2 protein chains.
Amino acid sequence: MSELTEYERRLREAGLRLTEPRRVILRILDEAADHPDATEIFQRAVKKDARISLATVYRTLKMLEETGVVERHAFEGGPARFEQADGEHHDHLIDVETGDVIEFTSPRIEELQKAIAEELGYEIVDHRLELYGRKIR
Amino acid sequence: MSELTEYERRLREAGLRLTEPRRVILRILDEAADHPDATEIFQRAVKKDARISLATVYRTLKMLEETGVVERHAFEGGPARFEQADGEHHDHLIDVETGDVIEFTSPRIEELQKAIAEELGYEIVDHRLELYGRKIR
DNA sequence: ATCTATGCAAAACATTTGCACCACC
DNA sequence: GGTGGTGCAAATGTTTTGCATAGAT
């Protein structure tokens, strides 16, 4: 009666061990409604299992990123922030006052990006679009 | 017969002193065809004036950024890179193989960004679009 | 003469890593 | 039981900062 989540299954398939720290971190990311940084994830992890170390958080996040389970975002000034990968690509609007992150997508912009890159003789392997804004009223 | 450049004049107007380190750093940025990071700027500066310190490079870059004379870019993984502000806004395509940076503009994308932000109830104060690509052929 | 800018060295951060021990498969 | 993962602490890389002095206005 093992209750493996989809993400735990993906680690198994990648030949990686399913340890307690990893389970805890995966759960935190799954529960997170925001885009926490490594320190925040560490703080939340310690509440669930006091023995987890910050080094493991970093190692696990890097591993999960390589496995495609989480995405790393380096927003302006400040540490990298993480979110569970949901398959769908999206971009971010960051509230400069609160730090809140709003997700959005724009197929039109994606198309234009591709066209621009091609015109310059490049094929896009990754891209990043971030809007920094202030709430109106 | 003072030969003040436009940028030196802007510092004067901002009530800032025009020192030798600042003159050197401004000249380096003016001569730079690439987007150097603080360490690279420091290395180039030392060749022109051996007494310049890395701390001053950082302090000067921050000051120049606040004055609007240079722009700071934090590309994926790696230190911040700088370029002289030319007034015109542009985005970047980074060659993932060589690290080369190609500048481009897209008024259409800018418009779409503004529309998206407005729809979400935000006014854009800044934005960042980076394409990471590989040269075709 | 005043007051800002600098150099130096130390500190602050974010992140990575070496090593001995632990625990998953 | 073997190997990969973890904790700890030290190292790394980038950027900032305190303090006494030098230098621009």
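Below, read A as the first sequence line, B as the second, and so on, with proteins coming before strands; counting in each chain starts at 1. We use all heavy atoms of the structure for the numbers below, so side chains are in, but hydrogens, waters and symmetry mates are not. Model, not experiment: these values are computed from the prediction.
Asp49(A) meets the salt bridge (Lys or Arg N to Asp or Glu O under 4.0 Å) test with Arg51(A); sequence neighbours excluded. By the side-chain hydrogen bond (donor to acceptor under 3.5 Å, both in side chains) test, Glu111(B) is found to be paired with Arg108(B), residues two or more places apart in sequence or in another chain being considered. Take Lys135(A) and apply the salt bridge (Lys or Arg N to Asp or Glu O under 4.0 Å) test, not counting sequence neighbours, and it matches no residue. With sequence neighbours left out, the side-chain hydrogen bond (donor to acceptor under 3.5 Å, both in side chains) criterion links Thr67(A) to no other residue. With sequence neighbours excluded, the residues forming a salt bridge (Lys or Arg N to Asp or Glu O under 4.0 Å) with Glu118(A) are Lys114(A), listed by chain and number.
Residue Glu76(A) contributes atom CD, which lies 16 Å from atom C1' of dT14(D) at whole-angstrom precision. With rounding to whole Å, Met63(B) atom CE is found 16 Å from dT16(D) atom C1'. Across the protein-nucleic acid pair, Ile25(B) atom CD1 and dT6(C) atom C1' stand 11 Å apart, rounded to whole Å. Leu61(B) has its CG atom 13 Å from the C1' atom of dT16(D), to the nearest Å. Computed from coordinates, the Leu11(A) CG to dG5(D) P distance equals 10 Å when rounded to whole Å. Taking atom CD1 on Ile52(A) and atom C1' on dC8(D), their separation rounds to 15 Å, with Å as the unit. For the pair Arg22(A) CZ and dC24(C) P, the interatomic distance rounds to 11 Å; values are reported in whole Å.
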Checklist outcome for this item: B/S/- along nucleotides 20-25 of chain D (protein heavy atoms under 4.0 Å) is ---BBS

Item to check | Letter per nucleotide, 5' to 3', of nucleotides 11-19 of chain C [B base touched, S only sugar-phosphate touched, - untouched; heavy atoms, 4.0 Å] | outcome: ---SBBBB-

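Evaluation of the salt bridge (Lys or Arg N to Asp or Glu O under 4.0 Å) test over residues 87-100 of chain B, restricted to residues two or more places apart or in two chains, returns Glu97(B)-Arg134(B). Under the salt bridge (Lys or Arg N to Asp or Glu O under 4.0 Å) criterion, the residue pairs touching residues 60-87 of chain A are Glu65(A)-Arg72(A), Glu76(A)-Arg128(B), with sequence neighbours excluded.
The side chain of Ser53(A) contributes no N or O atom lying less than 4.0 Å from OP1 or OP2 of dC8(D).
Rounded to 10 degrees, the angle separating the terminal helix axes of the helix from dA1(C)-dT25(D) to dC25(C)-dG1(D), each built from five base pairs, is 30°.
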Donor-acceptor list for residues 41-48 of chain B side chains, cut-off 3.5 Å, not counting sequence neighbours:
residue  : atom : partner  : partner atom : Å
Arg44(B) : NH1  : Asp34(B) : OD1          : 3.3
Arg44(B) : NH2  : Asp34(B) : OD2          : 2.8
Lys48(B) : NZ   : Glu31(B) : OE1          : 3.2

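Clustering of Ile, Leu, Val, Met, Phe, Trp and Tyr side chains at separations under 4.5 Å leaves Ile136(A) isolated, with no partner residue.
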Checklist entry - Could you walk me through whether Asp30(B) and Leu26(B) pass the side chain to side chain contact (heavy atoms under 4.5 Å, CB included) check? => result CA-CA 6 Å; Asp30(B) 196 56; Leu26(B) 279 171; over 6 Å; no

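A pairwise comparison of heavy atoms in Leu93(A) and Phe104(A) identifies N-CE2, 3.8 Å as the closest pair.
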